[in-house]
Structures are given as structure tokens and as C-alpha cells.
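Note sheet for the following structure.
Just so you know, residue 1 is the first one in the sequence shown, and it goes up from there.
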Amino acid sequence: YSAERTALPETGKPSQKSASGDRLSEIRIDSGRLLRGGAVIQFNAGLELKDGAFTRQSPFSMDASFRNANLEELQNLAGTRLPIRGTLQGSCRVSGTIQDPHGEGNIVLTSGEAYGESFERLTAQLTLQSGGLLSAQQIRLQKGKGVLQGEAAAGMQTQQVRFSLT
């Protein structure tokens, strides 16, 4: 992915010192846009630096929308490797820390394949709760004339999965 904008706008906030004496500063990206082929990701993001570094406890926030994104390429960027492919559209809002993120979003995956099984369309409302619980509500998977609906949840730390599909 390449960045369309290269300059970071000033936040207007001088760096501050925390109670422990650490220097705190903030980086903000407003109206960011990443392009690759036909994929477009638009976002606003902010993160707090402690002594000039981003740590697992550093607060961050991000709002993003994406369209025509190749799921395999996004997984490569995120460092994940799930056997799921397709073209992704959607939006999300995520905040917290790397150690404890939370957020919500919605996705539409078209021309997809999961675990070797192809499908036309998958839609879902996603929620990431503190503690690493990822839940999907209003799941709808379409293949030909067949439709699978339901909900699912996965503990990112516990690796437990729960689902109810009809």
C-alpha cells in the first residue's frame, strides 16, 4: 500500500510529562488515504508516544473505511494467516491499546473462499471487546441459492470459539 499524503499535520499539543516523568506526545493522521490497485482505505488515526516510542500500553484510536481491498494482502499487513480470501468492503472504529484493543465494524466480503469452500458474499457486524473477545452478529453467508445466518464469537487470547448458525 502506498500513502497518498506524506505530511503529518500538527496536533497543536506540546509534549507533556506524565506523573512518572515520561515525555508524552501524540501523532495524528487526519484524512489519510492508502491506495493499492483498486483498493482504497480512508482513515483517521491517533496514537500516544511515551518517550518517543509506541508501546503495547500506548493509547491509540482509528476510524477507517475500506473498499475493494484484497483480504490476503490485508492479512499480510496485519501479520495473520487465515485460510480466507476475497474482496473486502466495510468500516471500523478501533481504540484502546495494542495490549487491550476494542472496537466495532461491519464487513462485506465478496467472491470469497474460506477453508477451500467458495461463496458469493459474506456480511457481518463485528465487535472487539476488551479482553480479546471478537464477536460477529448478523452473519449472512450466501452461496448460490443457499444462505447461512447466525452469530459467532472467538476469544483471541483463549482461542475458544462459539457459534450459532442456521
Side-chain angles (χ1 to χ4, degrees), residues 1-11 26-48 54 58-156 161-166:
Y1 284 82
S2 60
E4 188 172 270
R5 293 186 179 195
T6 55
L8 298 176
E10 294 289 328
T11 64
E26 179 183 39
I27 293 177
R28 290 222 30 90
I29 300 173
D30 294 314
S31 302
R33 187 174 163 115
L34 298 173
L35 307 169
R36 182 175 179 128
V40 178
I41 301 173
Q42 296 177 298
F43 65 96
N44 295 312
L47 61 97
E48 190 175 285
F54 184 66
S58 297
F60 76 93
S61 64
M62 181 181 69
D63 294 320
S65 65
F66 36 91
R67 66 178 189 270
N68 300 324
N70 179 304
L71 185 57
E72 284 182 297
E73 289 180 1
L74 290 177
Q75 287 191 72
N76 286 337
L77 287 173
T80 60
R81 177 75 48 199
L82 298 173
I84 303 172
R85 295 186 231 184
T87 302
L88 189 64
Q89 327 256 11
S91 64
C92 66
R93 175 173 283 173
V94 184
S95 61
T97 64
I98 294 296
Q99 187 171 333
D100 191 22
H102 52 273
E104 57 188 31
N106 62 71
I107 59 162
V108 176
L109 184 63
T110 56
S111 301
E113 181 180 298
Y115 298 90
E117 192 66 38
S118 64
F119 58 89
E120 282 85 39
R121 183 178 176 91
L122 169 69
T123 60
Q125 301 293 317
L126 304 176
T127 304
L128 178 60
Q129 298 172 6
S130 292
L133 179 64
L134 177 63
S135 61
Q137 302 293 320
Q138 301 175 19
I139 298 170
R140 183 175 171 89
L141 177 76
Q142 295 173 263
K143 179 175 180 172
K145 293 182 181 182
V147 175
L148 185 65
Q149 299 180 90
E151 58 186 47
M156 306 304 280
V161 177
R162 170 187 59 80
F163 59 90
S164 172
L165 303 169
T166 57

Of the non-hydrogen atoms in [X] and [Y], which two are nearest, and what is the gap between them?
{"X": "L74", "Y": "A69", "value": "CD1-CB, 3.7 Å"}
{"X": "P59", "Y": "F54", "value": "O-CE1, 4.3 Å"}
{"X": "P101", "Y": "Q99", "value": "CD-C, 3.7 Å"}
{"X": "S61", "Y": "R28", "value": "OG-NH1, 4.3 Å"}
{"X": "A152", "Y": "I139", "value": "N-CD1, 3.7 Å"}
{"X": "I98", "Y": "F60", "value": "N-CE2, 3.8 Å"}

Without swapping roles, check the side chain of [X] against the backbone of [Y] for a donor-acceptor pair under 3.5 Å.
{"X": "Q75", "Y": "I84", "answer": "yes"}
{"X": "N68", "Y": "L88", "answer": "no"}
{"X": "N44", "Y": "S31", "answer": "yes"}

Calculate, to the nearest 0.5 Å, the distance between atoms [atom1] and [atom2] belonging to [X] and [Y] respectively.
{"X": "Q89", "Y": "I107", "atom1": "CD", "atom2": "CD1", "answer": "11.0 Å"}
{"X": "S111", "Y": "L122", "atom1": "OG", "atom2": "CG", "answer": "12.0 Å"}
{"X": "F119", "Y": "L148", "atom1": "CZ", "atom2": "CG", "answer": "11.0 Å"}
{"X": "H102", "Y": "Q129", "atom1": "NE2", "atom2": "CD", "answer": "10.5 Å"}
{"X": "E120", "Y": "L109", "atom1": "CD", "atom2": "CG", "answer": "11.5 Å"}
{"X": "F43", "Y": "D63", "atom1": "CZ", "atom2": "CG", "answer": "11.5 Å"}

(message) Is there a side chain to side chain contact (heavy atoms under 4.5 Å, CB included) between K143 and S118? Walk through the geometry before answering.
(response) CA-CA 8 Å; K143 179 175 180 172; S118 64; 4.0 Å; yes
(request) Could you go through the side chain to side chain contact (heavy atoms under 4.5 Å, CB included) check for N106 and Q125 one step at a time? (result) CA-CA 4 Å; N106 62 71; Q125 301 293 317; 3.5 Å; yes
(message) Counting C-beta onward and ignoring hydrogens, is there a side-chain heavy-atom pair between Q137 and L126 closer than 4.5 Å?
(response)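 Q137 does not reach L126 side chain to side chain.
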(request) For residues Q42 and V40, determine if any side-chain heavy atom of one lies less than 4.5 Å from a side-chain heavy atom of the other. (result)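 Yes, their side chains come closer than 4.5 Å.
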(message) Under the criterion side chain to side chain contact (heavy atoms under 4.5 Å, CB included), I'd like the reasoning laid out for R140 against V147: C-alpha separation, chi angles, the key distance, then a yes or no.
(response) CA-CA 7 Å; R140 183 175 171 89; V147 175; 3.5 Å; yes
